[in-house]
Number of protein chains: 2
Amino acid sequence: MKPAPTRKESAPQQRFLDGAADLFARNGYHATSIRDIARALGVTPGAIYAHFPSKAGILLAVYEAGVARITEAVDHVMQSGETPWIALEKACHRHLDEVLADNGYARVVVRVVPEDVAEVSADLARLRADYESRFRHLVDALDLAPGTNRTLLRFTLLGALNWSQVWYRPGLTAPGDIAGEIVRNLKDGVAVKGNEA
Amino acid sequence: MKPAPTRKESAPQQRFLDGAADLFARNGYHATSIRDIARALGVTPGAIYAHFPSKAGILLAVYEAGVARITEAVDHVMQSGETPWIALEKACHRHLDEVLADNGYARVVVRVVPEDVAEVSADLARLRADYESRFRHLVDALDLAPGTNRTLLRFTLLGALNWSQVWYRPGLTAPGDIAGEIVRNLKDGVAVKGNEA
DNA sequence: TGGGAAAGTGAACGAACGTTCATTTAGAGG
DNA sequence: CCTCTAAATGAACGTTCGTTCACTTTCCCA
């Protein structure tokens, strides 16, 4: 049988993960100490080690949850049978919603690059590749002008979307509108139309 | 008279800055210790404090040098009287050359966000704004389709360019070609042409 | 030849780091 | 009621951190 999540309804481990994700997202991995996380949760540092094996282990758990959130949101769009451009736009919309969300999970995935934490860098890289592969498929399905470098297009898109974490402040344009305009700009171009080819 | 940089020809302070820039770029600010920097230079930690007031002071000096490099390269393009689109493309080319250069200066500017280091965050933010203002002017000079959000276009461009630091590996397409294609994609769009407006 | 500033040493400081562990707390089930 | 277990404590460990400082080395210039 399973360990049975009775007691309340689910492990308090979730609360620890939420707090760690928030701090990792706001201050970065190396600038966040175990004591910082414990303090934010009103708990002593030792309590954390009842649920996680190490600081890097916490990051890995946050990363897994973050990638799960993003891929889940994007996958939901991909199997809805839209046209390639509509699918891409909706996926970017969802991606940006996650990256700019209050909770830190997706923000950590964007902010902490795998090489930053040697102990789990291979795992983090695998998780990243997992979620970026969705965008590879989305871009591959597009009907593009001949000679377009699809790999570069994918990186352009991800870069433009993820960079929003640096400048975006709540109250500005909604994430969905931003994603839509980025995709539209890349699809149709921003130059004045009329006198070309 | 000036303090006269006799002795050799220039301060060894430069060597310290180079080493610090390299480590900050590769490992990040918080993951780099003063002892790491000293070891990379074959020197004891104390030696560093003969030239810099603190670890944050080193970062600030690296940041200043990094922003100086980028702005210098971009400014050189801006006063050459090209058409707005050519000017933007050349500026992006130079920007990417710096961001992907072997030396760590520009990489630090892209990687370390001002809020990461509270003691100098105001200075770092000012330096960043300084260099981003060049791109504001470059984008403002463009002839764009009506309704285009120029601020978002600027962030899209900077995000796409700066994200290259995450995925670029030497030996792939040259930085200049990457910058050129990113700008062209945003200018003309990547969709197949023919059946619109 | 000798004085002096710049450059670097090496040891030490207090603080903060990740982590461990014997012990206490608290709630659910037989 | 009493036990069993998960959860958390709180003190401690060894290490590393940023930083200081009295002292030595180096070498230009008068």
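We name chains A, B, ... by the order of the sequence lines, and we start the count at 1 in each one.
At a threshold of 4.0 Å, the pair A/R184-A/D188 does not count as salt-bridged, since none of the basic side-chain nitrogens sits closer than that to a carboxylate oxygen. Using a 4.0 Å cut-off between charged side-chain N and carboxylate O, B/R94 and B/D97 make no salt bridge.
Listed by residue number, the members of residues 48-66 of chain B with any heavy atom below 4.0 angstrom from DNA chain D are B/Y49, B/S54, B/K55. For the contact set between residues 34-44 of chain A and DNA chain C, defined by any heavy atom under 4.0 Å, the members are A/I34, A/R35.
To the nearest 0.5 angstrom, B/L127 atom CG is 6.5 Å from B/D130 atom CG.
With hydrogens and angles ignored, the 3.5 Å screen pairs a side-chain donor or acceptor of B/K55 with a backbone N or O of B/Y29.
Residue A/S33 places no side-chain N or O under 4.0 Å from the OP1 or OP2 atom of C/dA16.
With 3.5 Å as the limit, one finds no donor-acceptor pair spanning the side chains of A/D177 and A/H93.
For A/Y105, the ring pair (Phe, Tyr, Trp, His ring centres under 6.0 Å) criterion is met by no residue, not counting sequence neighbours.
The aromatic rings of A/F52 and A/F16 lie tilted to each other, with the angle between the two planes from 30° to 60°.
In summary, of the residues considered (A/V110, A/V108, A/V109), a side-chain contact (heavy atoms from CB on, under 4.5 Å) with A/V112 occurs for A/V108 alone.
Atom CZ in A/R15 sits roughly 11 Å away from atom C1' in D/dA7 (whole-Å rounding).
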